[in-house]
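Below: one structure, written as structure tokens.
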2 protein chains.
Amino acid sequence: MKDLQLNSNAMLPLRDVVFQTLREAILTGDIEPGERLMEIHLANQLGVSRTPIREAIRKLELEGLVVMTPRKGAIVASITEEDLKEVLEVRVVLEMLAMELACKKINGEQMDGLKRALKEFQDVIDLDDPNKIASKDEAFHDCIYQATGNSKLMNLLNNLREQMYRYRVEYIKDISSRHSLVEEHILMIEALEKRDIASGTSVIKTHILNQQERIIQNLRKEKAIHGSK
Amino acid sequence: MKDLQLNSNAMLPLRDVVFQTLREAILTGDIEPGERLMEIHLANQLGVSRTPIREAIRKLELEGLVVMTPRKGAIVASITEEDLKEVLEVRVVLEMLAMELACKKINGEQMDGLKRALKEFQDVIDLDDPNKIASKDEAFHDCIYQATGNSKLMNLLNNLREQMYRYRVEYIKDISSRHSLVEEHILMIEALEKRDIASGTSVIKTHILNQQERIIQNLRKEKAIHGSK
DNA sequence: AAAAGGTATTTTGAATACACTGTACAAAAA
DNA sequence: TTTTTGTACAGTGTATTCAAAATACCTTTT
């Protein structure tokens, strides 16, 4: 486990700061799947008492990021290929729903935002900074989610996306796929401009399925490496 | 607030017992939307200390059943018509996905279970016991969820269904709709037997949309009553 | 050397204690 | 009468303490 440090948003209760800190640490891989989350240890490391740590862990538990076994404590949940398939199966239909709703509801301002997001994505696509690319990609999709006007849907999609966050950066390193990402984003914008639900949903579907392919390949690779140790 | 009592599953940690207890109390309406959840009060009422209460509230918070405001505490979240529409918008596509997967994957044993569930549903449909009817209805749909083989999807659907749990019993009191419920369930079984995805998804779609209609009507009625007080 | 058992240590579970904040109510000033 | 300010109280936020369970380690026995 890397050294952790509190995200110090001074106004929030400590438990929320701890929650965000741990969450990010898990999603970025600073704390690895299978690793134990020990309360005293974390409390010392973050300079707080066990209470906020415990409350943060309760939330992580419900989010599925950690697995609790009573009287033994929490470990970081590990994602199997099966899990990933299940998540993506769900994600595809929700992304299609989001695209459909966005096609119906998107307004000029949101359209502009989307184009800006595309531009920023293109600007970083050839840089050697997977983190930045990933974050611009997310920003693009966030614009679409926003346009749906359905906050529940946004929540769910963010949560589902989060589940594969750990593998996100890895698959972006696969240079060959980057330009097809841009292509697909352009197609999405075109569909949204024409309010063409059929083609919009079709594009997003292949977009996600492509992603699935690559992520699962990476997962297998990683597993092979890890397994051979 | 009605008198609460712990669901005393002796083996689970107290925090989980408290969590389940509070959750059920919220979903059944024993604790009403807008009501404050005061830690000391709940602790006294349930005969435990504040610690497990707080940890339970953290989980309820993440589930969206309570809303926290820092230094003021938690209140039970109230569901607006808008919220309900958003939930149903999502639920429709997930129910359709579930039906599609079930059509593809359901096996003989599961099919038998489904028919049993239908039979039990029919057995109670004319009784004057909305709770029982509701639970048999749930059992039927659970069979379908089970057949999808996608645990993530099951989780999500259970959670979405839960969000309208409070209005469930009310709308079942509407006698006229009961028999169309049975009709629709029969149609679903037929579709599953023929593995006819198109008709299966179409039936479930109208099933949910009908439900939406009735629930929203009830919501308006309830609001009118509540508003006039 | 391997297995079994017992003790010490670590860690979680729950309760309690203390600190801080917001709110309500009352008293004083305008 | 209205506004302001101060004080008491109620409730949350965090830390600490105590209890019980799990784990690790060491000893003993076969």
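Convention: sequence-line order gives letters A, B, ...; per-chain numbering from 1.
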Rounded to whole Å, the CG-P distance (B:L37 to D:dG11) equals 13 Å
In B:L37, B:L22, B:L27, B:V76, the residue satisfying side-chain contact (heavy atoms from CB on, under 4.5 Å) with B:L65 is B:L27
Under the 3.5 angstrom rule, does the side chain of A:E86 hit a backbone N or O of B:S151 as a donor-acceptor pair?
yes
- Query: Looking only at atom types and distance, does a side-chain atom of A:D83 sit under 3.5 Å from a main-chain N or O of A:T80, one as donor and one as acceptor?
  - Reply: yes
Rounded to whole Å, CG of A:L42 lies from P of C:dT11 at a distance of 11 Å
Between CD1 of A:I53 and P of C:dT12 the distance, given in whole Å, is 11 Å
From CZ of B:F19 across to P of C:dG13 the rounded distance in Å is 16 Å
With a 3.5 Å cut-off and sequence neighbours excluded, list the donor-acceptor pairs that the side chains of residues 157-164 of chain B form with protein atoms.
residue : atom : partner : partner atom : Å
B:N158  : OD1  : B:R161  : NH2          : 2.9
B:N158  : ND2  : B:M154  : O            : 3.2
B:N159  : OD1  : B:Q163  : NE2          : 3.2
B:R161  : NH1  : B:E138  : O            : 3.4
B:R161  : NH2  : B:D142  : OD1          : 3.1
B:E162  : OE1  : B:R23   : NE           : 3.4
B:E162  : OE1  : B:R23   : NH2          : 2.3

Next on the checklist: Is the terminal nitrogen or CZ of A:K136 (NZ for Lys, CZ for Arg) located under 6.0 angstrom from the six-membered ring centre of A:F121 and within 45° of that ring's axis?
Outcome noted: no
Item checked: Under 3.5 Å donor-acceptor, A:R36 side chain and A:K72 backbone -> yes
Scoring nucleotides 13-18 of chain D by protein non-hydrogen atoms under 4.0 Å (B base, S sugar-phosphate only, - none) yields BBBBB-
From CD1 of B:I40 across to P of D:dC9 the rounded distance in Å is 15 Å
A:H41 NE2 to C:dT9 P, in whole Å, measures 20 Å
